[in-house]
Amino acid sequence: MEKTNHILKGLGYSYILTLATLLIYNLALTFTSLSGNSIAMASSAITTASSAFGGFYASKHIKEKGLIYGLLVGLMYIVCLTLIVFLAKDSFVFEMDILYKVLLVSLAGGIGGVLGVNFK
């Protein structure tokens with residue numbers, strides 16, 4: 001049960017980090033001359049980093065099987081995010097780009113998990 005709590009906390013912290021970082025990025029887009037052409041790259045970087053942080057947090061507190069728990073947090077993170085996008089859009093089309101993001105974000109969670117379990 002304690003492992004589940006750490007996994008869910010890692011997932012929650014991932015979303016908090018995502019929201020905070022996206023807010024800062026949106027403020028930078030609004031109040032500076034930053035181009036809107038970087039939105040896709042920035043959102044990809046933000047979600048990847050947030051997933052890695054969630055995996056790091058969960059495995060740091062669980063203290064075992066960092067790759068497995070990190071991958072789990074990353075996969076849960078991107079699946080929930082994809083479901084939110086699916087519900088928000090009028091026409092959702094599953095493309096290879098989505099599969100690429102699922103793999104990238106899950107792998108980032110796994111790497112964060114490996115780093116977290118070995119972090120002293």
Side-chain angles (χ1 to χ4, degrees):
M1 187 66 176
E2 188 172 328
K3 291 178 185 180
T4 305
N5 287 339
H6 292 305
I7 290 171
L8 292 177
K9 279 185 182 180
L11 188 61
Y13 287 143
S14 293
Y15 282 117
I16 290 170
L17 181 63
T18 301
L19 291 173
T21 312
L22 283 174
L23 176 65
I24 292 167
Y25 179 69
N26 285 331
L27 288 172
L29 278 175
T30 302
F31 296 114
T32 65
S33 61
L34 192 63
S35 172
N37 296 334
S38 63
I39 292 174
M41 182 63 91
S43 68
S44 182
I46 290 168
T47 55
T48 303
S50 296
S51 174
F53 177 76
F56 180 88
Y57 176 86
S59 67
K60 183 177 184 293
H61 288 86
I62 295 173
K63 298 182 175 115
E64 66 179 13
K65 300 178 184 174
L67 180 63
I68 302 298
Y69 291 119
L71 284 171
L72 183 62
V73 170
L75 188 62
M76 289 171 61
Y77 172 83
I78 194 63
V79 166
C80 290
L81 198 62
T82 304
L83 284 173
I84 291 169
V85 170
F86 171 73
L87 293 173
K89 283 189 170 183
D90 289 336
S91 61
F92 182 81
V93 178
F94 188 84
E95 298 172 350
M96 287 302 291
D97 185 43
I98 295 171
L99 184 61
Y100 167 73
K101 277 192 175 187
V102 168
L103 291 173
L104 178 69
V105 171
S106 297
L107 184 62
I111 291 170
V114 168
L115 294 174
V117 80
N118 291 309
F119 190 76
K120 302 289 178 195

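Numbers here simply count residues along the sequence, with the first being 1.
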Problem - Non-hydrogen atoms of M76 and L8 that approach each other most closely - result: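 Smallest heavy-atom distance, with atoms named: CE-CD2, 4.1 Å.
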How many angstroms lie between [atom1] in [X] and [atom2] in [Y], if you round to the nearest 0.5 Å?
X   : Y   : atom1 : atom2 : answer
S51 : I46 : OG    : CD1   : 13.5 Å
T47 : I78 : OG1   : CD1   : 5.5 Å
L29 : L22 : CG    : CG    : 10.0 Å
I39 : N26 : CD1   : CG    : 7.5 Å
I62 : E2  : CD1   : CD    : 8.5 Å
Y69 : T4  : OH    : OG1   : 8.5 Å

Problem - G113 backbone acceptor or donor facing S59 side chain under 3.5 Å - result: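 Yes: the side chain of S59 pairs with the backbone of G113.
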Distance-only criterion, 3.5 Å: show the donor-acceptor pairs between side-chain atoms of residues 85-107 and protein atoms not counting sequence neighbours.
residue	atom	partner	partner atom	Å
S106	OG	V102	O	2.7

Among the clusters formed by ILVMFWY side chains lying less than 4.5 Å apart, do [X] and [Y] turn up in the same one?
X   : Y   : value
L71 : L75 : no
L23 : F31 : yes
Y57 : I7  : no

Problem - Neighbour count >12 (heavy atoms, 6.0 Å) for atom CD, E64 - result: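 Counting neighbours around CD of E64, more than 12 heavy atoms of other residues, nucleotides or ligands fall under 6.0 Å, so yes.
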Practice task
Fit a plane to each ring of F53 and F56, take the angle between them on a 0 to 90° scale, and name the class: parallel (under 30°), tilted (30 to 60°) or perpendicular (over 60°).
Solution key: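 Correct class here is parallel.
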Ignoring hydrogens and angles, write down the donor-acceptor pairs under 3.5 Å from the side chains of residues 13-21, residues two or more places apart or on other chains.
residue	atom	partner	partner atom	Å
S14	OG	G10	O	2.9
S14	OG	S50	O	2.9
S14	OG	G54	N	3.4
Y15	OH	Y77	O	2.6
Y15	OH	L81	N	3.3
T18	OG1	S14	O	2.8
T18	OG1	S50	OG	2.9
T18	OG1	Y77	OH	2.6
T21	OG1	L17	O	2.6

Practice task
Check the pair Y25 / S43 against side-chain contact (heavy atoms from CB on, under 4.5 Å), numbers first and verdict last.
Solution key: CA-CA 9 Å; Y25 179 69; S43 68; over 6 Å; no
